[in-house]
Structure formats: C-alpha cells, structure tokens
Amino acid sequence: MRKGIEQRITSLLKDTITPKQLTQVHAFYIKTCSSSHSHKHNRFLQAKLLATLVSLPTSIDLHYARSLFHSFPLPDTFIWNTMIRAYLYAHNPQQSLTLYFQMLLHHHHHVSVDSFSLSLVFQACARLLDWENGTKIHTHVFKLGFSPDLFVQTALIEMYAKCGHLDCARKVLDSMEEPDLVSYNVLLVEYIRFGEIKMAHQLFNKMPHRDLVSWNTMIHGYASLGDVEQRQQSNEALKLFHEMQVANVVPDRVTMSSVLSACASLGALGMGKMIHEYIERNGIGVDMKLGTSLLDTYAKCGDIDNALRMFEQLNHKDVFTWSVMIMGLANHGFGEQALLCFSKMITEGIKPNDVTFLGLLSACSHSGLVDKGWVCFKSMSRVYGISPKIQHYGCMVDILGRAGLLEEARELIRTMPFEPDAIVWRALLGACKIHKNADLAQEATLNLLELEPHVDGNYVLLSNIYSQAKKWDRVVMLRRSMKCSNIQKVPGSSSIEVDNAVYEFVSGDKSHPKSLEIYEMLEEVLDRIQCAGYKPLTTSTVQDFDEQEKQNALSTHSEKLAIAYGLLTTAPGSPIRIFKNLRVCEDCHLSIKFISKVYKRKIIVRDRNRFHHFDGGSCSCRDYW
DNA sequence: CTAGGGTTAG
C-alpha cells in the first residue's frame, strides 16, 4: 500500500467520531487494499481501525471489534490490549480478564504483557470487585520483573480500594516513589465511597498538591455523607469551598453541584442563592446535572417558585430532573401538581424509575390522595415494569394509614413480599396516633421496639400516644425505661437564616445575644394571637403538668422562638423561613397559622417530613400531616 | 489508558 493512502486513512480515522464514519473509512480501506496497488493487508492500519472503534464516544460495537480482532492471525500486544480495553469499556470486565489470561498463554508467540495490559486488567478486577484475581495478577507484576509503572500502580490502588482493602491500597500508594495527583485522587474517592471521611481528609492534608478534582472530591464527600452530624458535615463542605478559593483553585460545575447539595441539606436559601449568582457571574455553564442541583436546592430550601422557574429554564431534562421536581412538589404539598408533572414527563417520553414513584407516592401521601396513590402504586409494575420496593409499600402504608384506613394498611403489611421494617411500623403507629386506635398501636409498638429498641424518636412517638390517651402511668414507665437503656431524646431545634448566617434555637433557648428582645417579641406575639382566637393545645405535651406549666412549656418551643426572631429581624411583609429538625407539634402548627394572619407574613416551615406554607391563617398541608 | 457532580419513603 502506498504511503500516501496510509496517511490519508490515518488522518480520516483521527476525525472519526461516529460508528457510521468508521465503517465508511473501513470500506475505503478494504477498497484500496483490494485495488491493484496491494493485496496485502496493512497490519498497522487495521490495528488503528480497532483502536479508533474502541475509543469512539459512543457505546462499543463488540461484534465489530471482535471481527476486527480475529482478522489478525497473530495479534501483537497493542492489539490484545485494545481488545481488553474494548471489553472493559463495553461493561464486560469479565471478558477483559479472560482475554488477559488468554494473552498470557500466547507467550510462545512472543506476545508479552506490558504495563498497559496490567493497568487494564486491574481496572477490570476493580469493577468486578475480584480481589482474588487482582492479588494473583499483582504477583505477576513482580514475576515479570516490571519496574513500577505509574499507571499500573494507580490501577492497583483502585483495585484494592474498590474491593474494600483500603489498607492495601494505601500501602501501594505509600510505596510509590513519585505518586501523581491521580494516584492520590483515586484513593481519596474510594475513602469517600466507603464513608471514611476522616481518612480522606488526612490524606488530603498530606498531599503535596491538590487540584480541582481533589477539592471537588472532598467537598462532595462532606456534602453527600453524614447522616450523623449532617449539619456539621455540610458546613465543613462550605468551609472547604472557601479554602479552595483561598488556595486559588478555580471551581467548576462539579464543585458547584456539591456546594449546592450542602446548601440544600442545610436549608440555607440565602447561601444557595449566592452560589447561583456566583455560577452566573463566573460563566459556569449550567448543564443538566448542575441544573438539577439548583432545582433541588431551591425546592429543599423552601423556595418552590424558584425551583419551578429553574425547571422551566432547563432545556434538557432527564429522569433525575423530573423526579427532583416531582419530589419537590410533593414535599411542598402540591400533590395534584406533582401528578400533573408526572403526566408531562410521560408525554415527553421520559421513562420513570423507582425513585420517580417514591416522589409520586409521597405526593399522594402528603395530599391525602388515597385513590390516586393506589393507581400509581399499581401502575408501577403493570404499566412501567418497575417492581415496588419496600419503600413503595411503606409509602402506601402511610397513605392508607393517614387516611384512616388502618385495617387496609395492616393488611398491606401482612401481604407485602417484604419483612416489614421499622419505618413501616412507625408509619402505622403514626397513623394510629392520628386516628386513635389503641389496639393496632399496641401491635405496631411491639414490632417497632423489637426492631429499633434504641431510637429515641420511637419512645417520643409512643409517649405522645399515651399522653394523648391520658395514660400517665404508661408515660412514666416509658421515661423510666428510656433512662435505664440510656436513650437520649434528641432536642427539637429550629433554625432561621438571617443575613446569610444561620441561627439555631432549642426549646427555652436564652443563648442568643438578643434573647431579651426575642422573648419580649414572643410575649407580644402570644398576646396578639390570643386576641385573634388562639388557644394553646396543651394535649400534645408529654408531661403531666398543670395547665399553666403546660402552656409555659409550649410557648417557648424552638419554632416559636425562631419565628419571633424572624419577625424582629426581617422586613415587614417578607417571608419567614424556618427549618426544624423534628416534626412540628400541633400547638406550634396552630399558633403559626395565627401568626401568619395577624402579622401578614408568609411563614415557610421545613420540618422533618415536608414543608408547611402558612399564609393568611391557614397552612398548605390543610392540617393533614 | 487511569480521578470528581444531580433524585430515594416517614
């Protein structure tokens, strides 16, 4: 074949990005081969064809790759490696491994494994979580007398780490003479994936340099982890974002996405808005993922209007985007809108997944849509081929229970194809509380305490049920057993963001510097709403206090303090947003309705379960919560 | 050739 044609095909391959283009080049190659110039195949060009096929941005046509591979009578190391890569990229790491072992058998054909083969096969082991083969091949590295290669070692770190052998991974890293950023970052990512945030942070501090990926990994770690100490972790994410800027590392959309999820879990709307402005000011392009983050942040910070605006602005939406919107509407109590959103999603040809249905069922639950809940639940498997998980059954139990269909809820628990978990029993127990069914409550309690004997919230819920029924002896017994098992009650707290700083109040809190003013304000508030007809709902207190004591305990609940502070510090007529760690109590719910009317304020409360929008004396939950 | 981001019930 003439040199000119070889060069022409090489340059054609360079510009090949679609499978169709590739077949065209291939056809051209075959034509020139069979033409008069040469009948011999060109090994170099064929290898290049295969390599191009494997590196196309689209998914790999394995049939095609295999036929190319088999056209070589004696594939060399490069060609073997390319085929191993083909399987790896085509999500078939098992075949990569098989091919690697076949390659070893071709030793007599002078085909030898090189550092590319090794790094690829370790990646395959990492994806398969195949520690056994991984370690076995690790010994090959020594046997073959390889000088330690950066890529091989990095792949080894990933293999050990992904298989859960974080200490082995660390040993490989520590043994490296000059680990590069990727070697560090790989381990950082795996530490985070295993929830080892402390180890990650130590490594992060130890690194000689940190690049964008290192920072992003750490920020994401703090923003996404932390069921425990959620608040601290989210604040740590924001702190790191600040440090990153001090270190002159320019953030990108990945950074923004993580920082936003920290804002979302803090409920920090002001901070979220600042980040949004930062994104716009710095020309960071909003792609689908970042857009979904923004949407989710607005929804979780109580600003459903901006969430909807964001949703409208996004040109491309996938199942995540739609699910986030549906869940947002659900949490704000807009059940019908959530269902409408779902219909639109279907019309636009987006396939729902199991999370989408959690949003829908949650919407039905928050809005008391029993029939529609059943329709959704049944359509899951019948129409969309998604089999309901225990979470979906949990939602259905909640929907039925809240609506007072306690027997139906109990029957569903009995017939569902899962062992009921604590969450299911708690949903039933909560329903028993609303609808005052002592017998069923007894059954749910026994099951719940067997599964979760150490969760404070369960005792609080039970205690509320007993005091509602005025069974004070039971309440006392419960408190005693809590004390015996050393179960601490998580105190209720409410926070409010003023001038981008978050203040947190607990019941009877006097720690705020403006405490005196806050309590004066609270007194005025209570006076004014009482004039408007508010009467304290003392039945929801746990203790067998006298009436005045009960009222006093209620009047300084954390949400009331936070609202008093909000009234003091924000402009008249502007909305007040409160974030509570537990569910809002009935008396607070009632009084906030009055406050919204008397002070002409929109008050948005995010409690443990959902949002309450108070306006003009009523709440968006229509007292169904 | 290896590294980083978005949804998950009550």
Side-chain angles (χ1 to χ4, degrees), chain A residues 51 54-55 81-82 84-85 88-89 115-120 122-123 126 149-159 180-190 192 211-221 223-224 251-261 264 287-297 299-300 318-328 330-331 352-366 388-399 401-402 421-431 457 461 583 607-610 625:
Chain A
V54 171
S55 60
N81 288 348
T82 308
I84 292 176
R85 195 193 333 274
L88 188 67
Y89 288 3
S115 59
F116 282 76
S117 340
L118 285 165
S119 80
L120 287 165
F122 286 135
Q123 286 178 61
D149 173 276
L150 194 59
F151 283 82
V152 174
Q153 284 171 310
T154 304
L156 263 171
I157 292 174
E158 195 179 13
M159 184 276 291
D180 71 347
L181 270 165
V182 179
S183 346
Y184 280 106
N185 287 344
V186 165
L187 190 54
L188 217 51
V189 169
E190 295 307 322
I192 299 287
D211 69 351
L212 183 60
V213 175
S214 333
W215 284 100
N216 285 351
T217 303
M218 282 312 295
I219 294 174
H220 168 246
S224 66
D252 65 356
R253 65 187 76 161
V254 179
T255 326
M256 292 301 131
S257 196
S258 297
V259 172
L260 281 169
S261 55
D287 63 358
M288 198 158 57
K289 285 185 178 179
L290 186 51
T292 307
S293 277
L294 278 163
L295 162 60
D296 189 42
T297 306
K300 288 197 173 131
D318 67 356
V319 61
F320 278 72
T321 322
W322 286 94
S323 302
V324 168
M325 192 69 251
I326 290 169
M327 189 62 85
N331 286 333
N353 63 18
D354 57 330
V355 180
T356 319
F357 281 97
L358 284 182
L360 280 173
L361 292 173
S362 164
C364 294
S365 154
H366 291 320
K389 295 183 177 174
I390 191 161
Q391 287 102 315
H392 301 99
Y393 280 95
C395 282
M396 271 320 290
V397 169
D398 188 54
I399 291 175
R402 269 175 210 273
D421 60 6
I423 296 163
V424 167
W425 290 119
R426 195 159 38 236
L428 188 67
L429 189 58
L461 179 57
R583 289 184 62 179
D607 79 2
R608 203 187 177 90
N609 284 356
R610 58 167 294 157
W625 92 96

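Hydrogens, waters and symmetry mates are skipped; everything else that's a heavy atom, side chains included, is used. Proteins get letters first, then strands, A, B, ... in listed order; numbering begins at 1 in each.
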Would you mind classifying the nucleic acid contact of [X] as base, sugar-phosphate or nothing, using non-hydrogen atoms under 4.0 angstrom?
{"X": "A:Phe357", "result": "nothing"}
{"X": "A:Ile390", "result": "base"}
{"X": "A:Thr217", "result": "sugar-phosphate"}
{"X": "A:Val355", "result": "base"}
{"X": "A:Asp287", "result": "base"}
{"X": "A:Leu260", "result": "nothing"}
{"X": "A:Asp607", "result": "nothing"}
{"X": "A:Asp252", "result": "base"}

Could you give the [atom1]-to-[atom2] distance, from [X] to [N], as a whole number of Å?
{"X": "A:Leu156", "N": "B:dA3", "atom1": "CG", "atom2": "C1'", "result": "16 Å"}
{"X": "A:Leu361", "N": "B:dA9", "atom1": "CG", "atom2": "C1'", "result": "8 Å"}
{"X": "A:Ile157", "N": "B:dA3", "atom1": "CD1", "atom2": "P", "result": "12 Å"}
{"X": "A:Trp425", "N": "B:dA9", "atom1": "CH2", "atom2": "P", "result": "21 Å"}
{"X": "A:Leu187", "N": "B:dT2", "atom1": "CG", "atom2": "P", "result": "19 Å"}
{"X": "A:Met288", "N": "B:dT7", "atom1": "CE", "atom2": "C1'", "result": "12 Å"}
{"X": "A:Asn353", "N": "B:dT8", "atom1": "CG", "atom2": "P", "result": "12 Å"}
{"X": "A:Leu181", "N": "B:dC1", "atom1": "CG", "atom2": "C1'", "result": "17 Å"}

Compare side-chain N and O positions of [X] against OP1 and OP2 of [N] and report whether any pair is under 4.0 Å apart.
{"X": "A:Thr154", "N": "B:dA3", "value": "no"}
{"X": "A:Ser365", "N": "B:dG10", "value": "yes"}
{"X": "A:Lys300", "N": "B:dT8", "value": "yes"}
{"X": "A:His366", "N": "B:dG10", "value": "yes"}

Nearest-neighbour nucleotide for the [X] side chain, [options] considered:
{"X": "A:Arg402", "options": "B:dG10, B:dA3, B:dG5", "value": "B:dG10"}
{"X": "A:Asp318", "options": "B:dA9, B:dG10, B:dG6", "value": "B:dG6"}
{"X": "A:Arg253", "options": "B:dT7, B:dG5, B:dA3", "value": "B:dG5"}
{"X": "A:Val182", "options": "B:dT2, B:dC1, B:dT8", "value": "B:dT2"}
{"X": "A:Asn609", "options": "B:dG10, B:dG5, B:dT2", "value": "B:dG10"}
{"X": "A:Leu290", "options": "B:dT7, B:dG5, B:dA3", "value": "B:dG5"}
{"X": "A:Ile423", "options": "B:dT7, B:dG10, B:dG5", "value": "B:dG10"}
{"X": "A:Glu158", "options": "B:dT2, B:dA9, B:dG6", "value": "B:dT2"}
{"X": "A:Asp296", "options": "B:dT7, B:dG5, B:dA3", "value": "B:dT7"}
{"X": "A:Asp211", "options": "B:dA3, B:dG10, B:dT8", "value": "B:dA3"}

(request) Please round to the nearest 0.5 Å and tell me the distance separating atom CG of A:Leu188 and atom NE2 of A:His220. (result)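 A:Leu188 atom CG to A:His220 atom NE2 measures 12.0 Å (nearest 0.5 Å).
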(message) For the CE atom of A:Met159 and the CG atom of A:Leu118, what is their distance to the nearest 0.5 Å?
(response)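 Spacing of CE (A:Met159) from CG (A:Leu118) equals 11.0 Å.
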(request) Could you tell me which residues satisfy side chain to side chain donor-acceptor pair (under 3.5 Å) with A:Ser257, sequence neighbours excluded, listed by chain and number? (result)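 Side chain to side chain donor-acceptor pair (under 3.5 Å) list for A:Ser257, sorted by chain: A:Ser293.
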(request) For the pair A:Trp625 and A:His366, evaluate side chain to side chain contact (heavy atoms under 4.5 Å, CB included) and give the outcome as yes or no after the intermediate values. (result) CA-CA 7 Å; A:Trp625 92 96; A:His366 291 320; over 6 Å; no
(request) Identify, with sequence neighbours excluded, every residue that meets side-chain contact (heavy atoms from CB on, under 4.5 Å) alongside A:Thr356. (result)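 In terms of side-chain contact (heavy atoms from CB on, under 4.5 Å), with neighbours along the sequence ignored, A:Thr356 is linked to A:Val319, A:Ser323, A:Ile326, A:Phe342, A:Met345, A:Pro352, A:Asn353.
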(message) Please determine whether any donor N or O and acceptor N or O are separated by less than 3.5 Å between the side chain of A:Thr321 and the base of B:dG6.
(response)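 Between B:dG6 and A:Thr321, which were checked side chain against base, a qualifying N/O pair under 3.5 Å is present.
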(request) Tell whether A:Thr292 reaches the base of B:dG6 with its side chain through a donor-acceptor pair below 3.5 angstrom. (result)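 Present.
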(request) Check step by step if side chain to side chain donor-acceptor pair (under 3.5 Å) holds for A:Asn609 and A:Asn331. (result) CA-CA 7 Å; A:Asn609 284 356; A:Asn331 286 333; over 6 Å; no
(request) Determine the minimum heavy-atom distance between A:Tyr393 and A:Pro388, stating which atoms define it. (result)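 For A:Tyr393 and A:Pro388, the tightest heavy-atom pair comes out as CE1-CB, 3.8 Å.
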